[in-house]
Amino acid sequence: MNTGTGTGTDTEPDADTAPAPRRVTARRARTRRRMLDAALEVFAEEGFGRSTVEQVCERAGYTRGAFYSNFSSLDELFLAMWEERSRRMLADVREALATASSAAPEETIRAAVAAIPVDDAWYRVTAEFTAHALRNRSLRRVMAAREQAILDTILPVVVDALARTGRRVPDETALGQALVAVHDGTSVQVLLEPGSETPRLRREALFGAVLNAYSTPITEEAL
């Protein structure tokens, strides 16, 4: 178990081993909420590798006992943050694509891209955690599995939306990988020019270009 005196990387539990389920009471839910909010602030300010359990607890106003009654380590806390943000993002993308049609494809793309946030603090935290996970084989497998789970959830929504605009996707895996690449690459560009609309517009255009490149028109023969 993380002693809380070291960095966010001194984690002993095997990331492949799921923690025992904990009953979520209203009080526990409030504690977790404050821990998650505090952790994002601490990780963003200090860097994940330099953050400690004590720092998160101090920011949240709780003791180490409260931390370990909710999370086994800083790794588990980050993964809980990631799962929560991913669930919210997926819901927003699904809502944005719900009314997709061939009548206004550009508006649909714009709404969907807007539903995928580019957040400075979150990007810094995830970049550092990813580097940490690449040095930890079991944690790397957990991250890869979660990334795949996100794609498995969102791709059918994207494919269905494209079908309603009159296009089909021959290779869904390739489309998913391309969309992830565009998101990761353009996020950096947007964050490097926070006051400029140019990288945001290019981000929208690239997403549109990828969706067109990895899909084809549905012909009458295919119907």
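This structure is a prediction, so every number in the text was calculated from the model and none was measured. Along the sequence shown, the residues carry numbers beginning at 1.
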Whether [X] side chain and [Y] backbone form a donor-acceptor pair below 3.5 Å:
X      : Y      : value
Ser196 : Glu193 : no
Arg168 : Pro217 : no
Arg202 : Glu197 : no
Thr31  : Arg27  : yes
Arg30  : Thr25  : no
Arg85  : Met81  : no
Gln55  : Thr52  : yes

With [X], which residues qualify under side-chain contact (heavy atoms from CB on, under 4.5 Å), at least two apart?
X      : value
Leu90  : Ile150, Thr153, Ile154
Glu58  : none
Ala131 : Arg135

Return a table of donor-acceptor pairs under 3.5 angstrom between the side chains of residues 34-43 and protein atoms on other chains or two or more places apart.
| residue | atom | partner | partner atom | Å |
| --- | --- | --- | --- | --- |
| Arg34 | NE | Ala60 | O | 3.3 |
| Arg34 | NH1 | Tyr62 | OH | 3.3 |
| Arg34 | NH2 | Ala60 | O | 2.7 |
| Asp37 | OD1 | Arg33 | NE | 3.3 |
| Asp37 | OD1 | Arg33 | NH2 | 3.0 |
| Asp37 | OD2 | Arg33 | NE | 3.4 |
| Glu41 | OE1 | Arg59 | NH1 | 3.0 |

Worksheet item: In terms of hydrophobic clusters joined by side-chain contacts under 4.5 Å, are Met89 and Ile109 together?
Response: yes
Discussion item. Are Tyr123 and Leu77 linked, directly or through intermediate hydrophobic residues, by side-chain heavy-atom contacts shorter than 4.5 Å (ILVMFWY only)?
Written reply: no
Discussion item. Suppose clustering is done on Ile, Leu, Val, Met, Phe, Trp and Tyr with side-chain heavy atoms closer than 4.5 Å. Which residues sit in the same group as Leu134?
Written reply: none
Worksheet item: Are Trp122 and Phe78 close enough that their ring centers fall under 6.0 Å?
Response: yes
Worksheet item: Can you tell me if CD on Glu45 sees more than 12 non-hydrogen neighbours from other groups inside 6.0 Å?
Response: yes
Per-pair distances, 0.1 Å, donor-acceptor, side chain in residues 206-216, under 3.5 Å, sequence neighbours excluded:
| residue | atom | partner | partner atom | Å |
| --- | --- | --- | --- | --- |
| Asn212 | ND2 | Gly208 | O | 3.3 |
| Ser215 | OG | Arg167 | NE | 2.7 |
| Ser215 | OG | Leu211 | O | 2.5 |

Atom [atom1] of [X] and atom [atom2] of [Y]: how far apart are they, to the nearest 0.5 Å?
X      : Y      : atom1 : atom2 : value
Asp75  : Asn136 : CG    : CG    : 7.0 Å
Glu76  : Glu83  : CD    : CD    : 10.5 Å
Met143 : His132 : CE    : NE2   : 9.5 Å
Ser51  : Phe129 : OG    : CZ    : 12.0 Å
Arg203 : His183 : CZ    : NE2   : 5.5 Å
Glu95  : Asp92  : CD    : CG    : 6.5 Å

Quick check: do [X] and [Y] have side-chain heavy atoms less than 4.5 Å from each other?
X      : Y      : answer
Phe48  : Arg124 : no
Arg28  : Ser69  : yes
Phe67  : Leu74  : yes
Asp184 : Val188 : no
Val118 : Leu191 : yes
Thr173 : Leu151 : no

Discussion item. What I want to find out is whether Arg200 reaches Glu204 closely enough, with some N-O distance under 4.0 Å, to be called a salt bridge.
Written reply: no
Practice prompt. For Phe71 and Val53, run side-chain contact (heavy atoms from CB on, under 4.5 Å): C-alpha distance rounded to whole Å, both residues' side-chain angles, the deciding distance at 0.1 Å, then the answer.
Written response: CA-CA 10 Å; Phe71 306 101; Val53 169; over 6 Å; no
Item to complete: Could you check Thr165 against Thr108 for side-chain contact (heavy atoms from CB on, under 4.5 Å), going step by step and ending with a plain yes or no?
Response: CA-CA 10 Å; Thr165 66; Thr108 300; 5.6 Å; no
